[in-house]
A.B. asks: 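There's a structure below that I have some questions on.
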Amino acid sequence: MEGKLVRDGIPKKILGNGEQPIVKVVSGAELLDYLMIKLVEEANEVCAAERREDIIAELADVGEVIAAICAATGISEADIREAQKEKLLKVGGFESGTILLDTK
């Protein structure tokens, strides 16, 4: 894949800095492919963040990518919340910090 997905306002910001952005616009399945790559990129940035405010900012980016994936696929945030509730009831959450070391 060529290039990387950026927020809609980034080309304008680049222009404001006196540079010329070279862009292409994607949609459909190609957009979804780029969004999936962006989700991993943003998740890695959350993992690398150390300060609380940086973690918040990176989680906001993850949330924005998730919202875009939802829009691209017709999935509602309510669909996601419902799936979260179902998984929480079936297998719990992550609050206890349980680490699985092995199974025998």
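Here the structure is a predicted model, which is why all the values come from computation and not from measurement.
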A.B. asks: Determine, using the 4.5 Å side-chain heavy-atom cutoff (strictly less than), whether M1 and V26 are members of one ILVMFWY cluster.
C.D. replies: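 Yes: a chain of side-chain contacts under 4.5 Å links M1 to V26.
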
A.B. asks: Could you measure the distance from the CG atom of L5 to the CG atom of L39? Nearest 0.5 Å is fine.
C.D. replies: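 L5 atom CG to L39 atom CG measures 11.0 Å (nearest 0.5 Å).
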
A.B. asks: If the condition is side chain to side chain contact (heavy atoms under 4.5 Å, CB included), which residues does E86 pass it with, not counting sequence neighbours?
C.D. replies: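 Once residues adjacent in sequence are excluded, the partners of E86 under the side chain to side chain contact (heavy atoms under 4.5 Å, CB included) criterion are E82.
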
A.B. asks: Output all residues satisfying salt bridge (charged side-chain N to carboxylate O under 4.0 Å, His left out) with K4, sequence neighbours left out; order by chain, then residue number.
C.D. replies: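 Here the qualifying residues are E41.
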
A.B. asks: Is it the case that over 12 heavy atoms from other parts of the model lie below 6.0 angstrom from the CG atom of D8?
C.D. replies: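 No, not enclosed.
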
A.B. asks: Between atom CG of L35 and atom CD of E42, what is the distance when rounded to the nearest 0.5 Å?
C.D. replies: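 CD of E42 is found 11.0 Å from CG of L35.
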
A.B. asks: With a 3.5 Å cut-off and sequence neighbours excluded, list the donor-acceptor pairs that the side chains of residues 96-104 form with protein atoms.
C.D. replies:
unit_1	atom_1	unit_2	atom_2	d
S96	OG	T98	OG1	2.8

A.B. asks: Going by the rule side chain to side chain contact (heavy atoms under 4.5 Å, CB included), which residues pair with E2 if we only count those two or more places apart in sequence or in a different chain?
C.D. replies: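 K24, Y34.
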
A.B. asks: Looking at L89, I'd like to know if its CG atom is crowded, meaning that more than 12 non-hydrogen atoms belonging to other residues, nucleotides or ligands lie closer than 6.0 Å.
C.D. replies: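 Enclosed.
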
A.B. asks: Output the distance between atom CE (M36) and atom CG (L31), rounded to the nearest 0.5 Å.
C.D. replies: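 Interatomic distance, M36 CE to L31 CG, rounded to 0.5 Å: 10.0 Å.
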
A.B. asks: Check which hydrophobic residues are tied to I10 through side-chain heavy-atom contacts below 4.5 Å, counting indirect links as well, and list them.
C.D. replies: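 Hydrophobic cluster check, I10: joined to V6, I14.
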
A.B. asks: Which heavy-atom pair separates P21 from P11 by the least distance, and what is that distance?
C.D. replies: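 P21 and P11 have their closest heavy atoms at CG-O, 3.6 Å.
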
A.B. asks: For residues 50-76, which side-chain donor-acceptor pairs fall under 3.5 Å, sequence neighbours excluded?
C.D. replies:
unit_1	atom_1	unit_2	atom_2	d
R51	NE	D54	OD2	3.0
R51	NH1	E53	OE2	2.7
R51	NH2	D54	OD1	3.1
R51	NH2	D54	OD2	3.2
D61	OD1	R7	NH2	2.7
T73	OG1	I69	O	2.8
T73	OG1	C70	O	3.4
S76	OG	A78	N	3.3
S76	OG	D79	N	2.9
S76	OG	D79	OD1	3.3
S76	OG	D79	OD2	3.2

